[in-house]
Amino acid sequence: MDIDLSPQLPKKVYGANGGSYYAWSPSDLPMLHQGNIGAAKLALNKNAFALPRYSDSSKVAYVLQGSGVAGIVLPESEEKVVAIKKGDALALPFGVVTWWYNKEETELVVLFLGDTSKAHKAGEFTDFFLTGSNGIFTGFSTEFVGRAWDLEESHVKTLVGKQPAKGIVQLEGNISLPDPKPEHRNGMALNCEEAPLDVDIKGGGRVVVLNTKNLPLVGEVGLGADLVRLDGRAMCSPGFSCDSALQVTYIVRGSGRVQVVGVDGRRVLETTVKAGNLFIVPRFFVVSKIADPDGLEWFSIITTPNPIFTHLAGSSSVWKALSPSVLQAAFNVDPEVEQLFRSKRTADAIFFPPPN
């Protein structure tokens, strides 16, 4: 596979004083186009309001920083007003209308990763805004809008033309958006930093997996996700997705080294990643990471709602399942070397603490 897998930072698409919307472009990260994956990031300052919109892609949203409010309207359903904070993950199926608001001093930053296989452009999200200078109804004539809303022409012109902003607006005056309701979080959001751990290796790392059990809506989105926190100088076992899924990884915090090996044992990526980088591991390629001393944290989506991984180290690895004679023949080694190999990494782990 001759394709550039280098990690990339996003570029600003639009924004002003209220905040900005960033996206990763397939021209900079070709695997987005090839894998039909979209990636974007929304950053809102205090009192910034991201106007209601829907997208041509299903997504998983992950709150990287701050706290705020998300409005979510599923097709033919009532509005859910959800309090969101750092670590929250939300599954956003096709057809969902969302708005986002930050009333705190700390910038609210939300990451979006999703499937663009049915999008207008492979590897890119296209948002359709309900209001604003590029809102849907700016394209209809006042006659059509007036008949649809049963309003006089003067009122239509006010409603459609009064909002000059595009995408994000800084709220001023006496506008008070609805308060979030605790019960609206049920089934809509899961905090990955507070959820029960699926993997917890002392001195190694921790994993929370987002799937149809703890957030059923990911089944509609068709994506799984996980939050992985690797301790300083620890290693994540080499492994691959054995159900033909792509893995899209955003580095949340820290830094570390990554190697990816593909067809014919060829190393296709060796690099250092840091916070803000996005990179994609192709189907069946093997990836491993080693954290720098400050640790490494990443959020990934996997293009299946219930991913299955095969690890190539540790007691649960495929090596431990193979017969000794098979390993001797495969490696072309004598029994003593095979026994030495088999005796190592007896712990059932996917994270390995640093050597003593």
Side-chain angles (χ1 to χ4, degrees), residues 1-7 31 35 197-207 209 224 226 228-249 251 254-273 279-293 295-298 300 302-304 306-356:
M1 172 179 280
D2 294 323
I3 193 166
D4 187 5
L5 300 179
S6 302
M31 275 300 300
L197 296 172
D198 293 278
V199 177
D200 186 7
I201 307 299
K202 184 178 180 180
R206 291 152 298 285
V207 180
V209 178
D226 58 21
V228 181
R229 287 164 280 183
L230 198 60
D231 293 333
R233 299 179 59 236
M235 179 183 189
C236 181
S237 163
F240 64 94
S241 170
C242 55
D243 49 9
S244 76
L246 287 167
Q247 187 174 1
V248 186
T249 299
I251 305 301
S255 60
R257 291 178 291 144
V258 175
Q259 291 186 356
V260 177
V261 175
V263 179
D264 292 327
R266 179 168 162 243
R267 189 184 307 158
V268 294
L269 179 67
E270 180 172 12
T271 190
T272 296
V273 293
F279 70 98
I280 301 174
V281 178
R283 293 176 174 89
F284 300 110
F285 281 36
V286 180
V287 60
S288 184
K289 309 176 186 73
I290 297 178
D292 286 341
L296 183 63
E297 179 178 333
W298 65 87
S300 295
I302 303 95
T303 55
T304 178
N306 293 295
I308 302 173
F309 286 94
T310 291
H311 292 277
L312 301 177
S315 65
S316 60
S317 75
V318 66
W319 300 118
K320 303 297 185 181
L322 291 171
S323 304
S325 59
V326 171
L327 290 183
Q328 292 173 40
F331 282 119
N332 190 27
V333 296
D334 58 36
E336 289 74 18
V337 175
E338 187 280 327
Q339 289 173 12
L340 176 65
F341 173 74
R342 187 177 293 277
S343 67
K344 297 293 186 177
R345 292 294 182 206
T346 57
D348 186 8
I350 62 170
F351 299 129
F352 306 136
N356 296 328

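- Using a 4.5 Å heavy-atom cutoff, the side chains of Cys236 and Val287 are not in contact.
- Shown here are the side-chain hydrogen bond (donor to acceptor under 3.5 Å, both in side chains) partners of Glu297, two or more places apart in sequence or in another chain: Arg253.
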Practice task
Would you sort out whether Val273 and Leu296 count as a side chain to side chain contact (heavy atoms under 4.5 Å, CB included), showing the intermediate values?
Solution key: CA-CA 9 Å; Val273 293; Leu296 183 63; 4.3 Å; yes
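- At a threshold of 4.5 Å between non-hydrogen side-chain atoms, the residues Phe279 and Ile251 count as touching.
- Checked against salt bridge (Lys or Arg N to Asp or Glu O under 4.0 Å), Arg206 has the following partners two or more places apart in sequence or in another chain: Asp231.
- Legend: residues meeting side-chain contact (heavy atoms from CB on, under 4.5 Å) with Ser300, ordered by chain and number and at least two apart, are Asp226, Gln247, Thr249, Trp298.
- The shortest non-hydrogen separation linking Met31 to Leu5 is CG-CD2, 3.3 Å.
- Nearest heavy atoms, Ser237 versus Ser288: C-OG, 4.0 Å.
- Among residues at least two apart or in separate chains, side chain to side chain donor-acceptor pair (under 3.5 Å) pairs with a member in residues 255-264 are Ser255-Asp292, Gln259-Glu270.
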Handout entry: Verdict with reasoning, Val228 to Lys289, per side chain to side chain contact (heavy atoms under 4.5 Å, CB included)
Key = CA-CA 11 Å; Val228 181; Lys289 309 176 186 73; over 6 Å; no
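- Residues forming a side-chain hydrogen bond (donor to acceptor under 3.5 Å, both in side chains) with Thr271 (at least two apart in sequence, or on another chain): none.
- Annotation for Ala234 and Gly204: closest pair CB-O, 3.4 Å, computed over non-hydrogen atoms.
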Exercise for the section: Verify side chain to side chain contact (heavy atoms under 4.5 Å, CB included) between Asp334 and Val337, making sure each step is shown before the conclusion. Expected result: CA-CA 6 Å; Asp334 58 36; Val337 175; 3.3 Å; yes
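- Asp198 meets the side-chain hydrogen bond (donor to acceptor under 3.5 Å, both in side chains) test with no other residue; sequence neighbours excluded.
- The two residues Pro354 and Gly203 come nearest to each other via the heavy atoms CD-O, 3.8 Å.
- With rounding to the nearest 0.5 Å, the separation of CD in Gln328 from CG in Leu322 is 12.0 Å.
- How far CZ of Phe285 is from CG of Leu269: 11.0 Å, rounded to the nearest 0.5 Å.
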